[in-house]
Amino acid sequence: MAAPPPEDRRARIDGMIAEQRLLHGTGLPFDEDAARRLQERIHDRARDLSAVANHRLAAAARPDFEPVGVLHQVKAPTLVIEGSHEPAKPGHGAIIAERIPGARLLIVPGMEHTLPPETHEELATAILAHTAG
């Protein structure tokens, strides 16, 4: 996943879908057609696809890194959202929510690392309630 993207558009998009499928997991259905449409839009609007690897490279360099030493400085009302089946860093949301004063943690059942359509209503409701004050 940290390798530069392939030269061919189709291969790049296929790789993006494979990554999305992996992060989506098996907790909820994966709509490959919708994923392809989304990844095609992302691909065609991106200025530098190789920059996508930067996030992965940073995570791979320090996989156990947690910014716990500075989270207490966050003063904004915070809603931390994590899927119940988070594959990348399970429990990461709880660590963040514990360290930010007054933060609220929302665990979304069945969700992994992506935001599938089945979660949109629950997420929108939670975010709207959070931002309403």
- Item | Connected via hydrophobic side-chain network under 4.5 Å: I127 and V108 | yes
- What about L23 and I17, same hydrophobic cluster or not, with Ile/Leu/Val/Met/Phe/Trp/Tyr joined at side-chain heavy-atom distances under 4.5 Å? no
- Other ILVMFWY residues reachable from L28 by side-chain steps of under 4.5 Å: none
Does [X] have any salt bridge (charged side-chain N to carboxylate O under 4.0 Å, His left out) partners at least two apart in sequence or in another chain, and if so, which?
X: R41; answer: none
X: D14; answer: R10, R36
X: R21; answer: E32
X: D44; answer: R9

- Query: Between the side chain of T78 and the main-chain N/O of A76, is any donor-acceptor distance below 3.5 Å?
  - Reply: yes
- Any side-chain heavy atom of I81 sitting closer than 4.5 Å to one from M111? yes
- side-chain hydrogen bond (donor to acceptor under 3.5 Å, both in side chains) filter on D8, not counting sequence neighbours, yields none
- Item | Over all atoms of both residues, closest heavy-atom pair of P109 and I107 | CD-O, 3.4 Å
- Note on the structure: Closest non-hydrogen contact found for A35 with Q20 is CB-OE1, 3.4 Å
- Message: Please enumerate all residues that pass side chain to side chain contact (heavy atoms under 4.5 Å, CB included) together with A34, with sequence neighbours excluded.
- Response: D31, R37
- Restricting to pairs with a member in residues 84-97, which pass side chain to side chain donor-acceptor pair (under 3.5 Å), not counting sequence neighbours? E66-K89, E66-H92, E86-H113
- Going by the ring-ring contact (aromatic ring centres under 6.0 Å, His included) test, which pairs reach into residues 9-52, not counting sequence neighbours? H24-F30
- Query: Is there any salt bridge (charged side-chain N to carboxylate O under 4.0 Å, His left out) pair reaching into residues 107-132, and which pairs are they, with sequence neighbours excluded?
  - Reply: none
What side-chain donor-acceptor pairs closer than 3.5 Å can you find for residues 96-106, not counting sequence neighbours?
none

- d(H120 NE2, T125 OG1) to nearest 0.5 Å is 12.5 Å
